[in-house]
A.B. asks: 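Sending over a structure as structure tokens; questions will come in a sec.
All of these numbers come straight from a predicted model, not from anything done at the bench. Residue numbers start at 1 and run along the sequence shown.
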Amino acid sequence: MTIAFIHNDRAFLPEIEAYASFFSAYPGITTIVRKQNALPNPPADVEWFFMGTHVTRKKNTTVVHEYASASIPPFATLKNAIKKNINCLPDYRIFYSDYVRRQFDFGDGIPYGLRSHGIRNNETVSQKTEKRYDFIYAGSIDARRGTDVLLDCFARGNLRDRTLLVLSKNYAQTALRFAAHKNICFKGPVPYREVYSYIDQCRYAINFMPDIKPFNKQVSAKFLDYAACGIPVISSGYEWIKEFERVYGGRYFYLEPDLSNFTWERISAFFYAAPDLREWTWEKQIEKSGITSFLQKRFPGIAFTENSNKNG
């Protein structure tokens with residue numbers, strides 16, 4: 001069986017590496033990754049689309065649609081409705097969370113599962129790694145996230161004498177605006193398997209998220225990667241992370257909306273604690289989605305033995 005993971009190259013998709021590692025460990029499964037409109041277009045038994053749009057499907061191919069997020073404003077409801085109505089029908093859907101599923105509300109009887117971001121369960125973080133940077137921000141610096149306000153703290157604000165590593169993609173214009181500030185370093189994109197090594201080079205991690213839908217309702221992938229590395233986390237205070245702290249523990253420094261408490265003295269004096277991440281490995285998240293049971297029924301020759309895969 002060949003699984004083709006198909007994406008539009010617009011977002012960070014660490015799950016593709018995780019999926020490829022997970023499925024390739026099973027005998028009889030081959031994985032390929034390609035952009036949605038790229039040529040050539042090799043045949044596959046399963047075409048797994050990270051949505052987006054997917055209007056026309058191939059015959060005799062099993063199709064999976066994965067929705068990592070709901071649409072963002074403006075006109076988020078309209079955008080969701082358009083995607084809902086123009087996309088072809090898949091054989092299985094995966095949603096990043098139940099919140100994302102409810103935004104689309106397909107109601108067409110197609111089976112689905114939920115799969116959140118995972119952490120690498122074979123990762124060991126060295127406590128002796130040299131700390132080259134004071135802070136790391138990993139993830140999108142899209143203007144809709146308001147990250148320029150955060151960067152200003154290091155350019156002209158309380159932390160202008162501290163170093164920040166920005167691990168992102170498509171950051172050329174932002175890097176140009178902050179080029180005069182040598183304490184802000186832009187890198188990336190980097191393969192997902194290398195992200196943890198960069199996090200480990202930093203003293204503190206920043207989870208900066210606007211407190212607006214859909215951002216404040218959805219799982220923060222970069223927060224989970226930070227937590228997996230055991231690094232102290234500084235975060236915006238918003239709905240998802242507050243609920244995560246309630247359920248899984250940990251203790252994080254919450255920023256005031258105007259960032260007035262974002263000072264070296266305040267964050268250095270804070271007592272941080274790590275959460276319980278035992279349920280957040282990639283292996284457990286993928287199995288929880290129900291996709292292995294679905295594929296087992298479609299392809300009886302493939303044996304998905306529970307917990308036989310250890311790559312996470």
Side-chain angles (χ1 to χ4, degrees), residues 1-8 11 13-34 36 41-70 80 83-121 192 218-219 221 279-312:
M1 178 176 67
T2 298
I3 304 175
F5 296 106
I6 303 167
H7 63 97
N8 59 17
L13 291 172
E15 50 265 54
I16 289 181
E17 287 192 35
Y19 280 134
S21 175
F22 179 89
F23 285 108
S24 296
Y26 289 102
I29 299 181
T30 300
T31 63
I32 58 177
V33 179
R34 67 175 176 85
Q36 187 159 347
N41 187 347
D45 301 293
V46 179
E47 291 197 332
W48 190 314
F49 288 83
F50 296 86
M51 308 298 284
T53 58
H54 176 214
V55 179
T56 305
R57 59 175 290 171
K58 294 178 182 177
K59 294 181 180 179
N60 303 318
T61 300
T62 296
V63 173
V64 177
H65 283 177
E66 179 156 332
Y67 288 84
S69 66
N80 288 338
K83 292 176 184 177
K84 176 179 176 179
N85 288 298
I86 70 171
N87 285 330
C88 63
L89 294 179
D91 300 294
Y92 198 82
R93 293 190 181 101
I94 295 177
F95 300 96
Y96 203 42
S97 67
D98 196 54
Y99 169 78
V100 174
R101 182 192 66 80
R102 286 186 279 107
Q103 302 317 296
F104 290 99
D105 190 26
F106 284 101
D108 51 21
I110 290 173
Y112 71 88
L114 307 179
R115 193 275 310 157
S116 189
H117 184 75
I119 60 171
R120 296 173 65 91
N121 63 357
Y192 176 60
Q218 296 180 173
V219 176
E279 295 301 313
W280 290 88
T281 64
W282 278 114
E283 180 184 47
K284 289 189 176 182
Q285 289 297 319
I286 293 171
E287 290 175 347
K288 187 177 75 171
S289 75
I291 189 62
T292 55
S293 297
F294 169 77
L295 292 176
Q296 179 77 77
K297 293 175 183 177
R298 285 288 177 118
F299 303 92
I302 301 297
F304 290 102
T305 304
E306 186 176 1
N307 295 326
S308 67
N309 185 297
K310 300 299 181 184
N311 289 333

A.B. asks: Please find out if less than 6.0 Å separates the ring center of H65 from that of W48.
C.D. replies: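 Distance test on ring centres: not under 6.0 Å, no.
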A.B. asks: Using the test salt bridge (charged side-chain N to carboxylate O under 4.0 Å, His left out), find all partners of K58 that sit at least two apart in sequence or belong to another chain.
C.D. replies: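 Scan of K58 (salt bridge (charged side-chain N to carboxylate O under 4.0 Å, His left out), adjacent residues dropped) gives E47.
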A.B. asks: Hey, are D108 and K84 close enough for a salt bridge, meaning a charged N less than 4.0 Å from a carboxylate O?
C.D. replies: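 The answer is no: the pair does not qualify as a salt bridge.
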A.B. asks: Are W282 and E15 packed together at the side-chain level, in the sense that at least one heavy-atom pair is separated by less than 4.5 angstrom?
C.D. replies: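 W282 vs E15: side chains touch.
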A.B. asks: Less than 6.0 Å separating the ring centroids of Y26 and F22?
C.D. replies: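 Yes, the ring of Y26 comes within the 6.0 Å limit of the ring of F22, centre to centre.
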A.B. asks: Show the nearest heavy-atom pair for residues R57 and T62, with the distance to one decimal.
C.D. replies: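 Result for this residue pair: NH2-CA, 4.4 Å.
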A.B. asks: Indicate yes or no for a side-chain donor-acceptor contact from Q36 to the backbone of F49 under 3.5 Å, with no hydrogens or angles considered.
C.D. replies: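 No, the answer is negative, given that no donor and acceptor are paired below the 3.5 Å cut-off.
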A.B. asks: Kindly write out the residues that satisfy side-chain hydrogen bond (donor to acceptor under 3.5 Å, both in side chains) with Y92, not counting sequence neighbours, or none if the list is empty.
C.D. replies: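 Y92: no side-chain hydrogen bond (donor to acceptor under 3.5 Å, both in side chains) contacts found.
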A.B. asks: Look at the side chain of Q285 and the backbone N and O of G118, then say whether any donor-acceptor pair between them is shorter than 3.5 Å.
C.D. replies: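 Side chain of Q285 to backbone of G118: no pair is present.
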A.B. asks: Determine, step by step, whether Y67 and F106 satisfy the ring pair (Phe, Tyr, Trp, His ring centres under 6.0 Å) criterion, reporting the C-alpha distance in whole Å, the side-chain angles of both residues, the deciding distance to 0.1 Å, and the verdict.
C.D. replies: CA-CA 12 Å; Y67 288 84; F106 284 101; 5.6 Å; yes
A.B. asks: Testing the basics here: between A20 and T31, what is the closest heavy-atom pair and its distance to 0.1 Å?
C.D. replies: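 In this case the closest contact between A20 and T31 is CB-OG1, 3.7 Å.
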A.B. asks: Among R298, K297, Q296, exactly one meets side chain to side chain contact (heavy atoms under 4.5 Å, CB included) together with F294. Which residue is that?
C.D. replies: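 Between F294 and the candidates, side chain to side chain contact (heavy atoms under 4.5 Å, CB included) is satisfied uniquely by R298.
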A.B. asks: Tell me if a side-chain donor or acceptor on S289 pairs with a main-chain N or O of I286 at a distance below 3.5 Å.
C.D. replies: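 Confirmed, S289 side chain pairs with I286 backbone.
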A.B. asks: Does any donor atom in the side chain of E66 or Y19 lie under 3.5 Å from an acceptor atom in the other side chain?
C.D. replies: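 Yes, side-chain donor-acceptor contact under 3.5 Å.
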